[in-house]
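For reference, the structure is listed below as structure tokens.
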Amino acid sequence: MSRDKEQFKKIAVAIVIGLFFFALSFSVFNATQASLIGLIAFLVTLWTNEGLPLGVVSLLPIVLFPSFSILSTSDTTANYANPIIFLFFGGFLIAIAVEKTELHKWVTEKMFAIFPSTPKGIIFSLTITSGLLSSLLSNTTTTLLLISIVLFITDDIRLKMRFALAIAYGASIGGILTPIGTAPNLIMLGFMQNNQMDPIPFLQWMLMVSPLVFAMFFIVASLLSIGVKDVEISIEHQNRVLNFEQKRVLWLIGGVILLLLLNAPFKPYWNGLGLNENIILLGAGLILFAPPFGTLDWMEDKVKIPFRIMFLFGAGFSIASAFSATGLADEVATYLIVITQLHPILIILCVAMLITFTTEITSNTALISVMLPVIYAVSQQSGIDAVLFMMVATVCASYAFMLPIATPPNAIAMSSGAVSVKDMARYGVVFNFIGIFLIAMIAEFFWKGFL
């Protein structure tokens, strides 16, 4: 009974917070837009305080959005079949195969032959490795490939949580290192091209963001390492030899990575293969059920598939659609005109904070798609540097660390079972503010020299 009371209390708190945000926003926005803001506050609170299971909360938009005339049932449910969800599904199947064949133990042993086998050494190596891989592969793919390997290094819950966050945060940080590292980067370059603006060259982009990326690598890894100095990790060096099952899975992963690298454009020298990453990952995952692999068995392995995280992504895409459908995104954007009267550094800080914290509750791809035209329009009216502020917005769209719904790596870390929403929010809010500060300073005192 006490458990029921505690759960009811958490749900009541979420309802109160939702009503508060509805009342607060109703004086500024129309009823439908205010309802959306209240519902988002309600959902985020339940995700955070775990008043209801994650999967249950993630399915609530299907009931709530049509009930409040925000989106129709068909429009809401369509978001739960977004193609990106099937990319995750394929990646999860590969991760399950890695665990089932115990390939992760062999890979872990090889990692420890290179990196220090201390908690701090492992956290630093995971952050940097994940980040550098994400500059070429998608941060989603990188996180999926790494997280299934490292969670078996130790049984210590504190270390598991830090290892998972190191991979997820490293992937988000490193994704901005190249123009092809993450979707918002490509959206910005496409927008510049469509508006007859000179695109930022590949090498110049890397030079601009490198100080930010490596500073964040160091800060994130250092803070995640606090409190685990005295924790011992026992590594058994057994000189494992790959068996036939493990070799097949390893060859599949190697083939996927090679295909993804060949598929990535490196303009103007290489346009990529033009394949869809969703198809590559899903195809690789499904092959594991078929000969000659046969590594996975549906009846046996389906229980390991984190469907709740797939529902979580559906909720995120639904929120993004609702932002556009209700006109809330455009309405919020109009208020940006006011901040153009401020000092340039304050404008940068405002844009950075707005994008970072809005990304926490919606798709960064959808958000940046909406905000780039708005920022460009504002710059045309006020005379501010459009490219500089679009660059700030684009980077901030990838630097949201608080909630699992914010970025795909966050959600994958959550799906591992090693990270709770509270843990992610506790570390994430600190990294959000650090990222905002560093982006603002580097934009003002470094990027302006390039643009």
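Since we're looking at a predicted model, the values are computed, not measured.
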Measuring from atom CG of Leu60 to atom CG of Leu64, what distance do you get when rounded to the nearest 0.5 angstrom? 5.0 Å

Name the atoms and distances for all side-chain donor-acceptor pairs under 3.5 Å in residues 80-88, with sequence neighbours left out.
unit_1: Tyr80; atom_1: OH; unit_2: Ser58; atom_2: O; d: 2.5
unit_1: Asn82; atom_1: OD1; unit_2: Ile84; atom_2: N; d: 3.0

May I ask you to test the Phe401-Ile173 pair for a side-chain heavy-atom distance under 4.5 Å? yes

Should Ile123 and Phe163 be marked as a side-chain contact (heavy atoms from CB on, under 4.5 Å) after you check the CA-CA gap, both sets of side-chain angles, and the distance that decides it? CA-CA 6 Å; Ile123 289 171; Phe163 290 170; 3.7 Å; yes

State yes or no: are the ring centers of Phe437 and Phe433 separated by less than 6.0 Å? no

Scan the side chains in residues 204-224 for donor-acceptor partners under 3.5 Å anywhere in the protein, sequence neighbours excluded, and list what turns up.
unit_1: Trp205; atom_1: NE1; unit_2: Ile176; atom_2: O; d: 2.8
unit_1: Ser210; atom_1: OG; unit_2: Met206; atom_2: O; d: 2.5
unit_1: Ser222; atom_1: OG; unit_2: Phe218; atom_2: O; d: 2.7

Quick one: does Ser135's side chain have a donor or acceptor within less than 3.5 Å of a partner on Thr178's backbone? no

Can you see which heavy atom on Ser416 is nearest to which on Ala413, and at what distance? OG-O, 2.5 Å

Show, in sequence, the C-alpha distance, side-chain angles and deciding distance for Lys160 and Val419, and conclude whether the side-chain contact (heavy atoms from CB on, under 4.5 Å) test is met. CA-CA 8 Å; Lys160 281 179 178 284; Val419 182; over 6 Å; no

State, with a plain yes or no, whether a side-chain heavy atom of Leu159 is found less than 4.5 Å away from one of Ile122. no

Reported CG-to-OG1 distance for the pair Leu328 and Thr32, which is rounded to 0.5 angstrom: 10.5 Å

Determine whether more than 12 heavy atoms belonging to other residues, nucleotides or ligands lie under 6.0 Å from atom CZ of Phe357. yes

Side chain to side chain donor-acceptor pair (under 3.5 Å) partners of Thr143, counting only residues at least two apart: none

Euclidean distance, Ile94 CD1 relative to Ile253 CD1, rounded to 0.5 Å: 6.5 Å

Give the minimum heavy-atom separation between Leu71 and Ala322, together with the two atoms involved. CD1-N, 3.9 Å

Would you check if the side chain of Asp423 reaches a backbone N or O of Ala418 as a donor-acceptor pair within less than 3.5 Å? no

Side-chain donor-acceptor pairs under 3.5 Å in residues 7-17, sequence neighbours left out?
unit_1: Gln7; atom_1: NE2; unit_2: Gly51; atom_2: O; d: 3.0
unit_1: Lys10; atom_1: NZ; unit_2: Asn49; atom_2: O; d: 3.3

From the list Val44, Ile40, Leu46, Thr45, side-chain contact (heavy atoms from CB on, under 4.5 Å) with Phe42 holds only for Leu46

Which pair of heavy atoms, one from Thr407 and one from Ser398, lies closest together, and at what distance? CG2-O, 4.3 Å

Once side chain to side chain donor-acceptor pair (under 3.5 Å) is applied, do any residues pair with Thr394, and if so which ones, sequence neighbours excluded? none

Has the side chain of Arg162 got a donor or acceptor atom that lies under 3.5 Å from a matching backbone atom of Lys120? no

When rounded to the nearest 0.5 angstrom, what is the spacing between OG1 in Thr356 and CG in Asn432? 6.0 Å

The reported gap from CG in Asp75 to CD1 in Ile70 (rounded to nearest 0.5 angstrom) is 12.5 Å

Leu126 and Leu146, any side-chain heavy atoms less than 4.5 Å apart: no

Do Leu403 and Trp47 make a side-chain contact, defined as non-hydrogen atoms from C-beta onward lying under 4.5 Å apart? no

Nearest heavy-atom neighbours spanning Ala400 and Asn410: O-ND2, 3.2 Å

With Glu444, which residues qualify under salt bridge (charged side-chain N to carboxylate O under 4.0 Å, His left out), at least two apart? Lys448

Side chains of Ile348 and Trp447, heavy atoms from C-beta outward: is any pair under 4.5 Å? no

Please find the pair of heavy atoms, one from Ala440 and one from Ile345, that lie closest to each other, and give the distance. O-CD1, 3.6 Å

Any Val395 side-chain heavy atom under 4.5 Å of Ile355 side chain: no

From Ser318 atom OG to Leu39 atom CG, the distance as rounded to the nearest 0.5 Å: 12.0 Å

Which heavy atom of Val228 sits nearest a heavy atom of Pro119, and at what distance? O-CG, 3.4 Å

Working note: Thr127 + Tyr169, criterion side-chain contact (heavy atoms from CB on, under 4.5 Å); need CA distance, chi angles, decisive distance, verdict. CA-CA 7 Å; Thr127 304; Tyr169 291 163; 6.0 Å; no

For the residue pair Thr326 and Phe29, establish whether any side-chain heavy-atom pair is separated by less than 4.5 Å. no

Do Pro404 and Met424 have side chains that get closer than 4.5 Å, going by heavy atoms? yes

Are Leu189 and Asn185 close enough, and set up right, to give a side-chain contact (heavy atoms from CB on, under 4.5 Å), and what steps lead you there? CA-CA 6 Å; Leu189 293 177; Asn185 298 0; 5.6 Å; no

